[in-house]
Amino acid sequence: MSYKNFADIPKTYNPKDVEDKWYKYWYDHNLYHSEIDDSREPYTIVIPPPNITGILHMGHILNNTIQDIYIRYKRMCGYNACWVPGTDHASIATESKVVHYLKEKGIKKHDLTREEFLKYCWEWKDKYGGIIIQQLKKLGISCDWRRERFTMDSHYYKRVVETFVDLYKKGYIYRGFRMVNWDPASKSAISDEEVFYKEVNGKLWYFKYPVKDSEEFVVVATTRPETMLGDTGVAVNPHDERYKKLIGKKIILPIVGREIPLFADEYVDKEFGTGAVKVTPAHDVNDYEMGLRHNLEIINIFNEDATTNENVPEEFQNMDRYEARKKVVAKFEELGLLEKIDDYTNKVGYSQRGNVPIEPYLSEQWFMKMDELAKPALEVVLNGKVKFYPDHWVKTYEHWMSNIKDWCISRQLWWGHRIPVWYCNGDDHRTLECREPIVSVEPPEKCPHCGSTNLHQDEDVLDTWASSWLWAYDVFTTKEEQDYYYPTDLLVTAPDIIFFWVARMIIAGMHYKKEIPFRDVYFTSTVRDEQGRRMSKSLGNSPDPLELISEYGADALRFTMIYIAPLGQDVLFSSDKLELGRNFANKIWNAGRFLLMNVQNIPVDKELVDKYLDFTDRWILSRFQKTIDMFTRAIDNYEINNAIKIIYSYVWNDFCDWYVELSKQRLYNGTDEEKSAVLSRAISLFEEMLKIIHPFMPFITEEIWQLFDERKDGESISVTEFPKYYGILVDEIAESNMEFVQNVVTAIRNIRSEMNIPPSKLINVYLKTDKLTDEQNKYIKSLVRIDKLKTDPNMEKPRASASAVVKGCDIFIPLEGIIDINVERARIEKEIKRLNGSLEGVRKKLSNENFVSKAPPEVIEREKAKMNDWQAALAKLKSILEDLN
RNA sequence: GGGUUCUUAGCUCAGUUGGUUAGAGCGUCUGCUUGACGUGCAGAAGGUCAUAGGUUCGAAUCCUAUAGAACCCA
């Protein structure tokens, strides 16, 4: 095809020449498009939609490679394979990107109207939002690109809104004034799952609070001094003898001068700090709870960006929280109320988005009641309808689902699905009912209570996950499609979004479709650097996959990632590991090259593929069947790592190292028809091997497959049939004949190497055996450089020869004048020592009465056979050794 | 503090329901311009299976404890 002459095929595989070419070919021929076809079973995957702000990282590579392996494999197995790609609008991330983008243009978000801002968002999305998809294509993934979706497509947008309205009407969604995790950077609430905890080396400050009408002080310890400006109480444990007499007294809050109560609450830990804690109900979850229990005043001291507001003394107003902290501490010191400062390590909640410490903050938000919705979703995982791989994630899932809390779904952002709720601004006719929110898919014309048309819509948008939880079915836009493709078959995702996304998709699926969203969930490994650190932008330890692809090829990258990433374990990645995949690609390339070079001189005839079969052919075909069988079982069980090793070892060790070498004997010395049969068979087998490799390495397999024959336009290895297991081709006799040859050959090579016989030198080999056929001898001779090969069941050991014993055959290599008796003696002695060690173990077992009476008979038989073989070999070796002495 | 997982060769990892002499890749050592491949070929060295007990005829595998590591939740 691309080579005029097969002899021109380069010695090293160059992925750059082929990858873009075949990707375009697949795309142009629309090979991976799926339509409803009732005559075929669907196999469906929906992509975990990457953020439009995302850029390709190693996690995407691993995740999408796995999805592509399964979709390609199942497609070749005859399923109507459909892989739906798409992207996620990512409210917070995108909005901050756009704010930044506008800043560079000198525009401030709040100088714009909502509509103007959203126009910029779409502009940004059109410009940058498709980058990650373009990058993913470099990996060779076989998505159905005609089905590409976006979470803010009009159809999808509408479904998200409808879902909100429906759940509100069913009573699952409510509005509440609650303490939420506030991200002061994006000025929005975030959900519990978006908070991560960092160990921070901080301080513990001890403040003296004066007791009213007394000379006494109560000392409180705090990690957040600035919040004292909002303190409305001091709490102690009711059983704490130190403070019993003070309970009920008043404290004069320093700086502020507020009179606050000292009260008792079981929550207080006597051991922590001084046993007395300051209580700031507006800015700490536990304090908030205590505040409710004891009717404390709730004083909010922060603005939305966590600067201090008008509720604090004037000299502390409009300061950043950390600046306020310094100033408060300084003031305490000045007042002589700072008792001491200790070093203290504590865990601080950070926003996953803004990477700033979150602020517990009271605000009005929308929540979803989860406990009832979660029940069916928990059940289908516990009863195995949805299977997790690895399955230990079930326990984590169960724990979270059984303790599930209400979900804060509103975000104070503009980019996203705007909450479909309107409020009556009221006018003269305003009634009490007008306070009720008007929840509706379409904007209401007027207030249903007073008839006013003066309405305004809720300013907030929904949490992004409250849209992507519909992804598994609403990427399909008609009922017919949902009926055909849903439930999907496989979800491949990272375990860190098990709650964000996996759990919620199951919840949505069970509630709306009364059916699981996917049968199997594959949780990928976490890709780390060589030192085991998470890959991150700030560490700079995250390689650019596109550079890796350009250096090593997408196939090499895909192969290596799967090879080093076992199910359920983290993978330590470094780019030099890609040599493994690159080398394997090169090996495949050269095996193909070998066959194609022979096509120059030997005609290929498909009629001959099963003619002139000898034991080497039966062996390689038998091994191939077993390989298919093992491979299929591994991949069906999501042991991808294992599957790839099975095919790797077959291709490299069985086919290349042995079969190709064996085939040369006949390719160079056979009759014309025999040559043709051997070559045709090798090519036909190699094509089948390429099909198994194809899901892992789509480009190189396509390239070679296309070279083997004149293919029609639109033909592709990716839509051929996957090799099936035919047990009838398994041939144990051929395998054992081959194993015998391998053992003899290896033993001879070992002697050559240890005796330092140069590879160029021909040797004579005498075999004492009654088992080897002429055919086997022919191959032995061709695999080691042998001049004369003699076999005789009564062979006498020639003088001055090196020896080896394999089961069924004694090997003698006469080395008059070459042999170093000391080396040979050492070789034999070593072998004797090894055998003796092994024999000892077996003898011990067999002389143990308990073993003989209790172990199963077949185990005992095996041990006895072992002992006999080893004893025989040992006896031979001993006589050889005596002969040397 | 609760939960999950892990500890096997110098490194990274396999090792099915307990049953050959515990395997692979990388790395190391030796030799090799053998007509597919030096991104290769041939050969070799290298492990008290974290530690201590226990169950069993038999343990890398099952149980208990200890030590260490990672992750999740609070």
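Every chain is numbered from 1 and lettered A, B, ... according to where its sequence line falls, protein lines coming before strand lines.
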Could you identify which residues of residues 575-588 of chain A place a heavy atom less than 4.0 Å from some atom of RNA chain B, listed by residue number, or say none?
L580(A), R582(A), N583(A), N586(A), K587(A)

Sidechain-backbone polar pair: S853(A) side chain, N850(A) backbone, donor-acceptor under 3.5 Å:
yes

Scan residues 653-666 of chain A against RNA chain B and write down, sorted by residue number, each residue with any heavy atom closer than 4.0 Å; if none is found, say none.
C656(A), D657(A), V660(A), E661(A), K664(A)

Residue set satisfying salt bridge (charged side-chain N to carboxylate O under 4.0 Å, His left out) with D287(A), at least two apart, ordered chain then number -> none

Tell me the side-chain hydrogen bond (donor to acceptor under 3.5 Å, both in side chains) pairs involving residues 826-839 of chain A, sequence neighbours left out?
E824(A)-R827(A), E831(A)-R834(A)

Not counting sequence neighbours, which residues clear salt bridge (charged side-chain N to carboxylate O under 4.0 Å, His left out) with K845(A)? List them please.
E863(A)

For V823(A), is there any backbone N or O sitting under 3.5 Å from a side-chain donor or acceptor partner on E754(A)?
no

Can you list everything that forms a salt bridge (charged side-chain N to carboxylate O under 4.0 Å, His left out) with D265(A)? Sequence neighbours excluded, please.
R293(A)

Counting runs of three or more consecutive pairs, Watson-Crick or G-U wobble, with each distance below 3.5 Å, where are the stems of RNA chain B?
B:1-7 with B:67-73, B:10-13 with B:23-26, B:28-32 with B:40-44, B:50-54 with B:62-66

Partners of K807(A) by salt bridge (charged side-chain N to carboxylate O under 4.0 Å, His left out), sequence neighbours excluded?
D869(A)

Taking ring-ring contact (aromatic ring centres under 6.0 Å, His included) as the test, write out the residues that go with Y725(A), two or more places apart.
none

With sequence neighbours left out, which residue pairs that include part of residues 650-662 of chain A fulfil the salt bridge (Lys or Arg N to Asp or Glu O under 4.0 Å) condition?
R623(A)-D654(A), E661(A)-K664(A)

For a quick check of understanding: with a heavy-atom distance under 4.0 Å over all strands, which category does P495(A) fall into, base, sugar-phosphate or nothing?
nothing

Counting any heavy atom closer than 4.0 Å, what does T746(A) reach on the DNA or RNA strands: base, sugar-phosphate only, or nothing?
sugar-phosphate

For the C1' atoms, the ones on G15(B) and on U20(B), what distance do you get once it is rounded to whole angstrom?
15 Å

For K830(A), which contact category applies under a 4.0 Å heavy-atom criterion: base, sugar-phosphate, or nothing?
sugar-phosphate

Base, sugar-phosphate or nothing for R752(A)? Non-hydrogen atoms, less than 4.0 Å.
nothing

Mind checking the C1' distance from A65(B) to G25(B)? Whole angstroms is fine.
36 Å

If you find the nucleotide of RNA chain B closest to W400(A) and the one closest to R749(A), which residue's nucleotide is nearer the 5' end?
R749(A)

Is a side-chain N or O of R528(A) found less than 3.5 angstrom from the main chain of L572(A), in a donor-acceptor match?
no

Indicate, with a heavy-atom threshold strictly under 4.0 Å, whether Y563(A) touches base, sugar-phosphate, or nothing.
sugar-phosphate

Is a side-chain donor or acceptor of N590(A) paired with a backbone partner of K11(A) at a separation under 3.5 angstrom?
yes

Pairing of R593(A) and D8(A) as salt bridge, 4.0 angstrom limit
no

Tell me, which pairs form a salt bridge (Lys or Arg N to Asp or Glu O under 4.0 Å) where one or both residues lie in residues 639-653 of chain A, sequence neighbours left out?
none

Check every strand shown and say whether K405(A) touches a base, only sugar-phosphate, or nothing at a heavy-atom separation below 4.0 Å.
sugar-phosphate

Quick one: label W393(A) by what it contacts on the DNA or RNA (base, sugar-phosphate, nothing), any heavy atom closer than 4.0 Å.
nothing

Ignoring hydrogens and angles, tell me if any N or O in the side chain of N63(A) forms a donor-acceptor pair with the backbone of V492(A) under 3.5 Å.
yes

For a 4.0 angstrom threshold against heavy atoms of chain A, report the outermost contacting nucleotides of RNA chain B in 5' to 3' order.
U4(B) to A74(B)

Give R528(A) one of three labels, base, sugar-phosphate or nothing, depending on what nucleic acid heavy atoms sit under 4.0 Å from its own.
sugar-phosphate

Determine the Euclidean distance between corresponding C1' atoms of G40(B) and C71(B); express it in Å to zero decimal places.
41 Å

